[in-house]
Number of protein chains: 2
Amino acid sequence: MFSKTSQYTLRALVYILLENSKGRNPGFREIAREIDSPAEFTGKILQDLARKKIVSSAKGKHGGFFLTEAQRQISLRTIIEHIEGENIFQSCGFGLKYCDAANPCPLHEEYATIREQLQQYMNSHTISHLAFQTDGQRIYLKREAL
Amino acid sequence: MFSKTSQYTLRALVYILLENSKGRNPGFREIAREIDSPAEFTGKILQDLARKKIVSSAKGKHGGFFLTEAQRQISLRTIIEHIEGENIFQSCGFGLKYCDAANPCPLHEEYATIREQLQQYMNSHTISHLAFQTDGQRIYLKREAL
DNA sequence: TTTAAAAAAGACATTAATATCTTTTTAAAA
DNA sequence: TTTTAAAAAGATATTAATGTCTTTTTTAAA
Ligand code: FES
Ligand code: FES
């Protein structure tokens, strides 16, 4: 469904926010350890996200990653679109050059519905929503193998 | 969402079934032309599917691809699982090693719902359903660029 | 029985995604 | 002002997905 890059991104940002709320700005090695992702690759991803102003970073001693108040308002949709491309929530599930409800592919009915649902969710939720679930249930950012 | 391979597969199988129902067994070059996919790559995909008994083929003059009655009953789910792997409809959207509703990732609630919906659809539909839509609307297997 | 047309097989090429390693820049603290 | 710890940058490596090309096998028809 989502690429590894998107998955590492979401996990990393949730971890960053959770640590920020404890007053800490974690570095990429710590982040990678805590979300179980390859450290250098995670560093690269965060570098990209910082360039795109989706996350903030501080260099030097006591540096690390953090989310400003404004960045905490960015929708998951915007974040994912930065990674997967602008039209991830518009493209045809069957692989046609574009999705056209008036001239649909055989999957359109079902696919467009699901795509729309996902898009709605991503559009109305943020990293904060992921990090601080309303039901207060403990959430997991990594998992041991079976 | 789905890989190119899955998309070419679905488009090719729908085209094959439509032609079969006209009494023809198309070859991979024709198929590729009609679904706008790379010909040799499509040939390879069909070769794989034939090995997996998802499609049938005849070699030699007047050869080509076709779906037997039994093959027309295979669910989209089975077809997609052959390509994307057995656990495509069970895996965690957040990238955790496995999905566990009792110890959920922050996306679980929404993702599992959507995943289940898609799985239900794929499980209860076949290439025949795609090829012969109930509403009789014309369906498209390729599309000119905008 | 030869020829033609088709899929199958195998080898190879390209591209995109994922991953690692090294050097440079920056900033705080000692 | 030197040291240290961090991100940024750049170079490179690996793997997986996608795509192409050539040869072999098979079958039907001429
Ligand atoms: S036309 Fe294929 S999903 Fe809309
Ligand atoms: S635990 Fe992540 S989708 Fe279920």
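Only a predicted model underlies this, so the values are computations on that prediction, with no experimental measurement involved. Protein chains get the first letters and strands the later ones, always in sequence-line order, with residue 1 at the start of each.
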B:Ile88 CD1 to D:dA17 P, straight-line distance once rounded to whole Å:
12 Å

B:Ile45 CD1 - C:dA7 C1' separation (whole Å)
15 Å

A:His62 NE2 to D:dT3 P, straight-line distance once rounded to whole Å
18 Å

Is the NZ or CZ atom of B:Arg11 positioned over B:Tyr15's six-membered ring, under 6.0 angstrom from the centre and within 45° of the axis?
no

CZ of A:Phe2 versus P of C:dT18: gap in Å, rounded?
14 Å

Can you tell whether the side chains of B:Glu34 and B:Arg29 come within less than 4.0 Å, N to carboxylate O?
no

B:Ile31 or A:Thr42: which one's nearest nucleotide on DNA chain C is closer to the 5' end?
B:Ile31

From CG of B:Asp48 over to P of D:dA16, roughly how many Å is that when rounded to an integer?
17 Å

I'd like to know whether A:Arg77 forms a salt bridge (Lys or Arg N to Asp or Glu O under 4.0 Å) with A:Glu81, so could you lay out the CA-CA distance, the side-chain angles of the two residues, the decisive distance to 0.1 Å, and finally the verdict.
CA-CA 6 Å; A:Arg77 179 184 179 175; A:Glu81 281 181 345; 3.0 Å; yes

It should be established whether A:Ser57 places a side-chain nitrogen or oxygen under 4.0 Å from OP1 or OP2 of nucleotide D:dA8.
yes

Expressed as a whole number of angstroms, how long is the span from A:Leu49:CG to D:dA9:C1'?
16 Å

Check the phosphate of D:dT18 against B:Thr5, side-chain N and O only, distance under 4.0 Å to OP1 or OP2. Yes or no?
yes

Once you round it to whole Å, what is the distance between P of C:dA17 and NZ of A:Lys44?
17 Å

With a non-hydrogen cut-off below 4.0 angstrom, is A:Ala39 in contact with a base, only sugar-phosphate, or nothing?
nothing

Looking only at the side chain of A:Lys61 (C-beta and beyond, no hydrogens), which of the listed nucleotides C:dA19, C:dA29, D:dA8 gets closest?
C:dA29

Determine the interplanar angle of the B:Phe41 and B:Tyr8 rings, folded into 0 to 90°, and report it as parallel if under 30°, tilted if 30 to 60°, perpendicular if over 60°.
perpendicular

Which part of the nucleic acid, if any, lies within contact of A:Gly43, taking any heavy atom under 4.0 Å across all strands shown: a base, the sugar-phosphate backbone alone, or nothing?
nothing

Nearest-nucleotide comparison on DNA chain D, the residue closer to the 5′ end among A:Arg51 and B:Lys4:
A:Arg51

Take the protein atom CE of A:Met1 and the nucleotide atom P of C:dA17, then report the distance between them rounded to whole Å.
18 Å

Among C:dT20, C:dA19, C:dT18, the one nearest A:Glu40 by side-chain distance:
C:dT20

When you measure from the side chain of B:Gln47, which nucleotide among C:dA8, D:dT18, D:dG19 comes out closest?
C:dA8

Test item: A:Met122 and A:Phe89 side chains (from C-beta on) under 4.5 Å apart, heavy atoms:
yes

Paired with D:dA29 by Watson-Crick or G-U wobble geometry, both distances under 3.5 Å: which nucleotide is it?
C:dT2

With both distances under 3.5 Å as the test, what is the Watson-Crick or G-U wobble partner of C:dA11?
D:dT20

Using the side chain to side chain donor-acceptor pair (under 3.5 Å) rule, take B:Ser75 and B:Thr126 through it: C-alpha gap first, then chi angles, then the decisive distance, then the call.
CA-CA 5 Å; B:Ser75 72; B:Thr126 63; over 6 Å; no

Side chain of A:Lys59 only, heavy atoms from C-beta on: which candidate in C:dA9, D:dA7, C:dA7 is closest?
D:dA7

D:dT18, OP1 or OP2 - any side-chain N/O from B:Tyr8 closer than 4.0 Å?
no

